Amino acid sequence: MTSKLKNKTALPAGLNLKQIPAHIAVILDGNGRWAKSKGLKRLDGHRKGAEAVDNLLDTLLELKIKFVSLYVFSTENWKRPRTEITGLFKLLDEFITKREERMLQKGIKLHISGDLSRIPAKVRIKIENVQNSTAKGKNLTANFCLNYGSKDEILRAAMLCYQQMQLKKISRISEKMFSQNLDTAGLPDIDLLIRTAGEKRLSNFLLWQSAYAELYFTDTLWPDFSKKDLLAAIVDYQSRIRKFGAIADN
Ligand code: IPE
Ligand code: IPE
Ligand code: MG
């Protein structure tokens, strides 16, 4: 009910529907602080954070944004207490299971970035099943970054490129070839990268893909991130002049 109400927020007058970012990346941070501020457990914050993901996906569909990357679990997050890690994967399993039907109805395709080999087998199988069942989704590609770290991804891509160079007997690699060996192959580069909860760092997220992303930082904690917050980020993005190294048009 609440999520429905939240999603009724009208589009702001300043929003230019012709200049919507094609690919938004989100570092969804602040679940723990949200829980603490309410005297709840960290896992309650993660649970609430999962609801905020539902709202986000609905708004992206409404805006006809085709790609989103969500930082769900980093290669560094293994440093957290075992109980939190186990709880997070249990929550992820529940989230994917419960949302499969909805993703199919809404035309959302599940894409995964990260090294799944370290993810508990039960969750990994579930993820792979939903990846297969939603593969034809045309409206939105939701790239869940799980056990993801840019440095790890880049090393794995370098290894793949090396193998292909040997196989094809070539001595050079292009940016295109390298991109095609990243977990995000087939997805466009990031236009807008949002980080919640006040931190101003990338924490090893999509470093190659965000080379020319516009960065947006907000103090809002992830579980409180609403449609209004996303629209504010997009309006701000639209005020930037993206030059990509060239000179701005007059
Ligand atoms: C982000 O929230 C979610 C994950 C990293 C899984 P945090 O758990 O990092 O929340 P804070 O930063 O402790 O508030
Ligand atoms: C980044 O958040 C990782 C995810 C959102 C999954 P963290 O909370 O782990 O990042 P740091 O430790 O503050 O840089
Ligand atoms: Mg954090």
Side-chain angles (χ1 to χ4, degrees), residues 23-57 60 67-99 110-120 123-124 126-127 141-156 182-184 187 190 192-210 213 215-226 229-230 233:
H23 189 172
I24 297 184
V26 191
I27 303 177
L28 16 101
D29 199 10
N31 292 352
R33 278 163 279 176
W34 181 91
K36 196 173 178 197
S37 74
K38 299 209 155 18
L40 299 169
K41 298 205 174 82
R42 289 183 61 84
L43 271 173
D44 296 320
H46 295 314
R47 202 165 289 119
K48 192 75 187 162
E51 283 177 30
V53 169
D54 283 333
N55 284 333
L56 178 85
L57 296 179
L60 295 168
F67 300 93
V68 66
S69 288
L70 301 170
Y71 210 2
V72 178
F73 191 89
S74 75
T75 44
E76 287 71 33
N77 286 147
W78 296 105
K79 293 175 193 159
R80 296 191 178 202
R82 178 111 310 263
T83 46
E84 178 166 346
I85 297 174
T86 315
L88 270 169
F89 284 120
K90 196 161 167 266
L91 208 64
L92 178 70
D93 191 0
E94 270 171 36
F95 183 89
I96 305 252
T97 309
K98 284 193 190 148
R99 303 321 191 268
L110 179 67
H111 183 104
I112 299 290
S113 291
D115 179 3
L116 284 193
S117 66
R118 225 183 137 180
I119 307 279
V123 189
R124 196 173 65 230
K126 180 86 236 171
I127 290 168
T141 297
N143 175 30
F144 278 53
C145 301
L146 294 172
N147 187 26
Y148 176 85
S150 262
K151 289 186 176 179
D152 174 67
E153 180 195 32
I154 287 170
L155 285 178
R156 285 186 285 107
L182 292 169
D183 298 340
T184 50
L187 276 64
I190 308 300
L192 169 62
L193 187 146
I194 299 172
R195 182 167 190 152
T196 59
E199 312 302 342
K200 294 183 180 66
R201 56 176 169 262
L202 297 178
S203 302
N204 202 12
F205 190 45
L206 299 175
L207 302 181
W208 171 283
Q209 299 86 340
S210 296
L215 309 181
Y216 181 86
F217 300 103
T218 171
D219 288 337
T220 304
L221 303 175
W222 176 252
D224 290 328
F225 192 86
S226 65
D229 296 299
L230 177 67

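Small disclaimer: the values here were computed from a predicted structure and weren't measured. Whatever order the structure lists ligands and atoms in, that order sets their numbers, starting from 1. Side chains are part of it too, since the values below use all heavy atoms of this structure and drop only hydrogens, waters and symmetry mates.
Protein heavy atom closest to atom 9 (O) of ligand 2, with residue, atom name and distance, is N77 ND2, 2.9 Å. Given atom 10 (O) of ligand 1, the protein heavy atom at minimum distance is G32 N, 3.0 Å. Atom 5 (C) of ligand 1 has as its closest protein heavy atom R80 NH2, 3.3 Å. Nearest to atom 6 (C) of ligand 1 among the protein's heavy atoms is V72 O, 3.3 Å.
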Where do I24 and L60 land on the side chain to side chain contact (heavy atoms under 4.5 Å, CB included) test, with the steps shown first?
-> CA-CA 9 Å; I24 297 184; L60 295 168; 4.1 Å; yes
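Heavy-atom distances between E199 and ligand 2 stay at or above 4.0 Å for every pair. Remark: distances from the non-hydrogen atoms of K36 to ligand 1 are all 4.0 Å or more. Ligand 2 lies nowhere less than 4.0 angstrom from a heavy atom belonging to K79. Judged by the shortest distance from any of its heavy atoms, G30 lies inside the 4.0 Å radius around the atoms of ligand 1.
Classification of R47 and E94 as a salt-bridged pair fails, no side-chain N sitting under 4.0 Å from a carboxylate O. Between E153 and R156, none of the side-chain N atoms (NZ, or NE/NH1/NH2) sits under 4.0 Å from a carboxylate O, so this pair counts as no salt bridge. Salt bridge K41/D44: absent, no basic N to carboxylate O contact under 4.0 Å.
Listed by number with element, the atoms of ligand 2 under 4.0 Å from a non-hydrogen atom of R201 are 11 (P), 13 (O), 14 (O). Of all the atoms in ligand 2, the ones that sit under 4.0 Å from a non-hydrogen atom of S203 are 10 (O), 11 (P), 14 (O).
For the pair L202 and N204, the minimum side-chain heavy-atom distance is 4.5 Å or more. At least one side-chain heavy atom of Y71 sits less than 4.5 Å from a side-chain heavy atom of I27. By the 4.5 Å heavy-atom criterion applied to side chains, W222 and L56 are counted as neighbours.
A donor atom on one side chain and an acceptor atom on the other are found under 3.5 Å apart for E84 and H46. Checking N143 against S113 by side-chain atom types alone, a donor-acceptor pair falls below 3.5 Å.
Checked options W78, Y148, F205; the residue passing with F73 is W78 (criterion: ring-ring contact (aromatic ring centres under 6.0 Å, His included)). With F217 as reference, L215 is the one residue of T220, L215, D219 to meet the side-chain contact (heavy atoms from CB on, under 4.5 Å) rule.
Checked by distance only, ligand 1 and W34 stay at 3.5 Å or farther apart across all their nitrogen or oxygen atoms. For the pair Y71 and ligand 2, the shortest N or O to N or O distance does not fall below 3.5 Å.
Here E199 does not reach the Mg ion (ligand 3): none of its N/O/S atoms is less than 2.8 Å from the metal.
Considering each of L43, T196, L28, the one bringing a non-hydrogen atom nearest atom 1 (C) of ligand 1 is L28.
Residue contacts with ligand 1 for H46 involve side-chain atoms from C-beta outward but no N, CA, C or O (heavy atoms, distance under 4.0 Å). The side chain of R195, and not its backbone, has at least one atom closer than 4.0 Å to an atom of ligand 2 (non-hydrogen atoms only; side chain from C-beta on). In F73, the part holding a heavy atom less than 4.0 Å from any atom of ligand 2 is the backbone.
Within D29, the N/O/S atom positioned nearest the Mg ion (ligand 3) carries the name OD1.
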